[in-house]
Amino acid sequence: QGKNDKDLILECHNKLGVIFLDIVKKFIGKNRISFFGFYTLKNQLSDYSIEITDSNDHDYLFVGAHNILNKGLSLEDSVDYGLETCKNITGDYFLFDGSDSTSLIGSYEVFEQSDAKFLFKNQLLKNREDYLKPTVLNKWFFGDGSDLDKGYDIPKDVWDRIKLSGFNLGYFQGDRFRPDVYQEHPVCTEKTIDLCAIYQGFHKENTEHLIRNDMYYTKHRSGAWDIIGDNPGYSFVKDKLPFEQYMNTLYQSKLALSPFGMGEVCYRDFEILDLGVAMIKPTMENVVTTPNYYIENETYIPVDYDWKNLNEVVLETLDNNDKIEYIIGKSRETYKEIYSAHNFCMYWYNFFANLNGVEND
């Protein structure tokens with residue numbers, strides 16, 4: 001408190017010394033989501049005593065999902081693939097899952113059976129007990145009943161080594177670091193649409209570890225359209241539209257629906273923010289991520305995952321214009337406060353500063 005960025009940077013150098021990180025195969029596949037921040041902010045991280053290097057002379061090796069997961073293989077073969085990678089690593093290393101959901105499938109098995117110090121996820125379920133129930137591909141929001149329902153009884157000592165990455169999709173805008181290019185569009189003063197429910201509702205046939213996952217995606221997303229029906233008592237636009245039409249429609253909407261996809265956090269969450277619309281989203285109360293943008297009735301309006309209370313929530317919210325304005329303002333304020341290069345760098349500075357074996361002056 002009361003310190004400027006320059007003071008904090010000097011303090012970081014004095015306390016931490018310098019940590020050298022090497023990153024395996026930086027932007028291949030899912031590695032991009034995990035490592036984009038590290039390479040984009042490479043120069044800033046240096047100010048916080050964290051150096052990204054391609055040298056073999058490093059303190060810690062970061063191993064991405066591309067190197068430990070292959071979702072085109074059976075789960076057993078994928079785990080073997082990841083363990084083969086790990087057995088060839090010497091020195092201390094961390095695993096990064098990089099998947100866009102709280103699911104631990106594939107990465108947990110590799111982590112548990114390898115010598116990796118930590119496993120990092122962009123988002124996790126809030127409690128280790130939340131992982132006990134077997135669900136489709138370990139995605140709680142897909143329910144159960146598949147040929148690959150997975151749950152995990154995670155020991156406390158292992159859970160303590162599963163960490164958040166300090167990164168999620170809110171840091172992306174295409175190939176750019178989103179906080180650097182973030183621009184708020186003025187809120188439309190003549191909104192003509194009550195609810196924007198435009199998104200891809202149907203997924204083509206798709207598999208993960210040889211198990212189809214597209215049906216669960218489609219059931220959830222198209223299920224909201226079924227609940228809305230033809231005459232819910234408010235105006236709406238649904239189905240999928242070309243991107244420009246979608247953005248124009250979104251801009252003219254009071255509320256916008258952002259369902260889960262293959263994961264809980266979606267790019268749409270932040271498109272809604274940009275255009276000054278209040279977001280309705282299935283509750284995120286059991287999900288943790290850093291930065292945590294998802295605060296119920298502050299930055300978004302929660303509904304049940306099965307959408308049963310969707311129309312009720314929409315109608316109640318439309319009757320409360322003050323709440324809509326509050327959500328729009330609070331979501332923008334929160335985004336600017338928590339998404340920044342400084343916060344990302346400090347997240348990792350604090351991680352290393354509190355890591356056993358790292359000497360502080």
Side-chain angles (χ1 to χ4, degrees), residues 28-34 64-82 95-111 119-125 130-152 154 162 165 168-169 172 197-227 238-240 257-269 281-284 286-289 294 303-307:
I28 296 178
K30 288 293 184 182
N31 286 5
R32 178 177 180 271
I33 292 176
S34 292
H66 178 81
N67 308 94
I68 62 168
L69 288 169
N70 187 335
K71 295 185 178 183
L73 302 176
S74 69
L75 177 58
E76 181 180 356
D77 288 345
S78 176
V79 172
D80 288 343
Y81 164 79
L95 305 183
F96 285 74
D97 183 314
S99 300
D100 55 0
S101 78
T102 51
S103 171
L104 293 171
I105 196 165
S107 61
Y108 180 81
E109 288 85 350
V110 174
F111 177 55
L119 170 63
F120 287 92
K121 287 280 298 179
N122 292 348
Q123 53 250 24
L124 287 164
L125 293 179
D130 295 337
Y131 281 99
L132 281 170
K133 182 181 178 181
T135 54
V136 178
L137 297 165
N138 194 227
K139 296 183 181 183
W140 66 271
F141 49 91
F142 276 178
D144 55 21
S146 76
D147 292 334
L148 188 53
D149 288 1
K150 287 290 293 183
Y152 296 100
I154 306 173
I162 301 176
S165 66
N168 55 43
L169 294 182
F172 281 92
I198 300 171
Y199 48 80
Q200 177 176 302
F202 300 92
H203 202 296
K204 66 181 181 180
E205 185 171 329
N206 191 64
T207 61
E208 185 174 337
H209 299 308
L210 309 185
I211 300 297
R212 283 187 62 183
N213 58 13
D214 55 287
M215 310 94 71
Y216 306 99
Y217 173 105
T218 296
K219 179 181 178 181
H220 170 61
R221 290 191 155 208
S222 63
W225 294 342
D226 293 339
I227 293 291
K238 63 180 183 180
D239 297 324
K240 186 179 181 181
L257 203 57
S258 187
F260 296 162
M262 292 299 180
E264 299 94 337
V265 178
C266 304
Y267 289 110
R268 180 172 291 98
D269 300 352
K281 189 174 181 69
T283 180
M284 295 281 282
N286 63 332
V287 176
V288 290
T289 187
Y294 300 94
V303 292
D304 296 339
Y305 174 74
D306 61 11
W307 305 116

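- In the model, Asn168 has no side-chain atom that pairs as donor or acceptor with a side-chain atom of Asn122 under 3.5 Å.
- Residues Leu257 and Arg268 form no side-chain contact, since every pair of their non-hydrogen atoms from C-beta on lies 4.5 Å or further apart.
- The backbone N or O of Leu69 sits nowhere less than 3.5 Å from a side-chain atom of Ser78 that would complete a donor-acceptor pair.
- When the side-chain hydrogen bond (donor to acceptor under 3.5 Å, both in side chains) test is applied to Ser74, the partners found at least two apart in sequence or on another chain are Asp77.
- Here the closest heavy-atom approach between residue Trp140 and residue Thr102 is recorded as CD1-OG1, 3.5 Å.
- There is a side-chain donor-acceptor pair under 3.5 Å between Lys71 and Ser99.
- Contact check for Lys121 versus Ser165: no side-chain heavy atoms found under the 4.5 Å cut-off.
- No side-chain heavy atom of Arg221 sits less than 4.5 Å from a side-chain heavy atom of Phe202.
- For the residue pair Ser34 / Asn31, no side-chain donor-acceptor distance below 3.5 Å is found, with atom types taken as modelled.
- Side-chain contact check for Gln123 versus Val265: some heavy-atom pair is nearer than 4.5 Å.
- Side chains of Tyr108 and Asn138: a donor-acceptor N/O pair is absent below 3.5 angstrom, by distance only.
- Side-chain contact between Trp307 and Asp226: absent, with no pair of heavy atoms (C-beta onward) separated by less than 4.5 Å.
- Residues Asp149 and Thr135 fail the side-chain proximity criterion, which asks for heavy atoms closer than 4.5 Å.
- For the ring-ring contact (aromatic ring centres under 6.0 Å, His included) test with Tyr216, the passing option among Tyr305, Phe142, Phe141 is Phe142; the others fail.
- With a 4.5 Å cut-off on side-chain heavy atoms, Glu208 and Leu148 do not count as touching.
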